[in-house]
A.B. asks: 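Okay, here's the structure, questions in a sec.
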Amino acid sequence: MLAYRHLFHAGNFADVFKHTIVVQLAALIGRKDKPFVYLDTHAGLGRYDLAHAWAQKNSEFENGIARIYDRDDCPASVRPYLDAVRQYNPDEELRYYPGSPCLVYRLLRANDRMVLTELNRDDFAQLQNQFRAQRRVQVRNMDGYQALKAFLPPRERRGLILIDSSFDRANEFRRLAEAVVFAYKRFATGVYAVWYPLAEQPAVHGFEQIIVESGLRKVLKLELSIRPGDWQQSLRGSAMLVINPPFGLESTAAPLLHWLWKTLSVDAAGRYRIQWLVGE
Ligand SMILES: C[S@@+](CC[C@H](N)C(=O)[O-])C[C@H]1O[C@@H](n2cnc3c(N)ncnc32)[C@H](O)[C@@H]1O
């Protein structure tokens, strides 16, 4: 049994950061007619009840989605994400938080499909239940890194791959780096979104260094932190590597991250940043 349960963290500022970008990516990829596959290697529950005792324990969503749920002054690139969260709350009041599978599912077109893998049996069961009736969605109880071997390259030759590890094992940064390099070798034209926490500076640096030295091209790093750099009491920020970002991401990400930082940062601490880790 895995110790990590995302319900404790659902809708926190790192989820808001990750999900606004993933929704933006799916929307940009969907601008081209050709079908694509969405592979979510660490898919979670699919939908989270914020009234559940686990979500209420630290109420992390209060510093995340709850801060922006009612806002109407967001940039256009945040709106599809907020619309999706609101759609999961038909009574208008914030109660349910859609995870990455539910958010992307809304954007699938008739010929697109999704593959979701989740290792925790209980989370898998709930996820499977969410998508039981959906023909275009395949849900598997398996290791997300094995999923990269099993499902790449996709038959569509177009894909968005979210790798969103829970970082609850030792050496996860190394495992993640190896998985990304492996996946890229299999499917170099895929769009990859790779989330990681801004913790343990040497581990973060080591991870990015492996990516830079591995021969991958077009790696855009997006980051959002809401606490100062030396903050140790909780997660201060997180980052996402976007490999092969679709045209339009770089320009929409700037106002998106600026607004998120302005709205979510605590006492104007932290920062947002967009940086090419590796160019063309
Ligand atoms: C951060 S949560 C995922 C959240 C989800 N992607 C979202 O954005 O809504 C990470 C999930 O990965 C699962 N997990 C942990 N190790 C895994 C592995 N090796 N393969 C697949 N899933 C794993 C955990 O049980 C947890 O549900």
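Numbers for residues simply follow the sequence, beginning at 1. Every number for a ligand or one of its atoms is a count from 1 in the order of the listing.
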A.B. asks: Which atoms form the tightest heavy-atom contact between Pro255 and Thr252, and what is the distance?
C.D. replies: CD-O, 3.3 Å
A.B. asks: Which option wins on minimum heavy-atom distance to atom 18 (C) of ligand 1: Arg169, Met142, His42?
C.D. replies: His42
A.B. asks: State whether the number of non-hydrogen atoms from other residues, nucleotides or ligands found under 6.0 Å of Arg31 atom CZ is greater than 12.
C.D. replies: no
A.B. asks: How close does the nearest protein non-hydrogen atom get to atom 7 (C) of ligand 1, and which residue and atom is it?
C.D. replies: Ser100 OG, 3.0 Å
A.B. asks: Just checking Gln232: does its CD atom have more than 12 heavy atoms from other residues, nucleotides or ligands closer to it than 6.0 angstrom?
C.D. replies: no
A.B. asks: Tyr4 heavy atoms, cut-off 4.0 Å: which ligand 1 atoms fall inside?
C.D. replies: 1 (C), 2 (S), 26 (C)
A.B. asks: Write out the residue and atom name of the closest protein heavy atom to atom 15 (C) of ligand 1, then the distance separating them to 0.1 Å.
C.D. replies: Ser166 OG, 3.1 Å
A.B. asks: Counting heavy atoms not belonging to Arg174, are there more than 12 under 6.0 Å from its CZ?
C.D. replies: no
A.B. asks: Around Asp33, counting heavy atoms of other residues, nucleotides and ligands shown, do more than 12 lie under 6.0 Å from its CG?
C.D. replies: no
A.B. asks: List the closest protein heavy-atom neighbour of atom 27 (O) of ligand 1: residue, atom name, distance to the nearest 0.1 Å.
C.D. replies: Glu118 OE1, 2.8 Å
A.B. asks: Need the ligand 1 atom indices (1-based, order shown) with element for anything under 4.0 Å from a heavy-atom of Gly99.
C.D. replies: 9 (O)
A.B. asks: Which of the numbered atoms in ligand 1 are under 4.0 angstrom from any heavy atom belonging to Asn120?
C.D. replies: 25 (O)
A.B. asks: If you count the atoms of ligand 1 from 1 in the order shown, which ones are under 4.0 Å from a heavy atom of Asp40?
C.D. replies: 6 (N)
A.B. asks: Return the residue, atom name and 0.1 Å-rounded distance of the protein heavy atom closest to atom 22 (N) of ligand 1.
C.D. replies: Leu119 N, 3.2 Å
A.B. asks: Between Arg5 and Asp123, does any NZ, NE, NH1 or NH2 come within less than 4.0 Å of an OD or OE carboxylate oxygen?
C.D. replies: yes
A.B. asks: Could you list which atoms of ligand 1 come closer than 4.0 Å to a heavy atom of Ala43?
C.D. replies: 5 (C), 6 (N)
A.B. asks: Looking at atom 20 (N) of ligand 1, what's its closest protein heavy atom, distance included?
C.D. replies: Gly144 N, 2.7 Å
A.B. asks: Could you find the nearest protein heavy atom to atom 19 (N) of ligand 1 and give me its residue, atom name and distance?
C.D. replies: Asp143 OD2, 2.9 Å
A.B. asks: Find all atoms of ligand 1 within a distance of less than 4.0 Å from any non-hydrogen atom belonging to Gly44, and give their numbers and elements.
C.D. replies: 27 (O)
A.B. asks: Take the angle between the ring planes of His258 and Tyr272 and call it parallel below 30°, perpendicular above 60°, tilted in between.
C.D. replies: perpendicular
A.B. asks: For ligand 1, does Ala10 get within less than 4.0 Å through its side chain, its backbone, both, or neither, judged by non-hydrogen atoms?
C.D. replies: neither
A.B. asks: Ring centres of His52 and Phe8 under 6.0 Å apart?
C.D. replies: no
A.B. asks: Identify, for atom 4 (C) of ligand 1, the protein heavy atom at the shortest distance, and state residue, atom and that distance.
C.D. replies: Asp164 OD2, 3.2 Å
A.B. asks: Side chain, backbone, both or neither: which part of Asp168 comes within less than 4.0 Å of ligand 1 when only heavy atoms are counted?
C.D. replies: neither
A.B. asks: Is the distance between the ring centroids of Tyr105 and Phe131 under 6.0 Å?
C.D. replies: yes
A.B. asks: Which of the atoms of ligand 1 are close to Thr41, meaning less than 4.0 Å from one of its heavy atoms?
C.D. replies: 21 (C), 22 (N)
A.B. asks: For His19 together with Tyr97, are the ring centres under 6.0 Å from each other?
C.D. replies: yes
A.B. asks: Are the charged groups of Glu172 and Arg175 less than 4.0 angstrom apart, N to O?
C.D. replies: yes
A.B. asks: Do me a favour and list the nearest non-hydrogen protein atom to atom 8 (O) of ligand 1 with residue, atom name and distance?
C.D. replies: His19 NE2, 2.7 Å
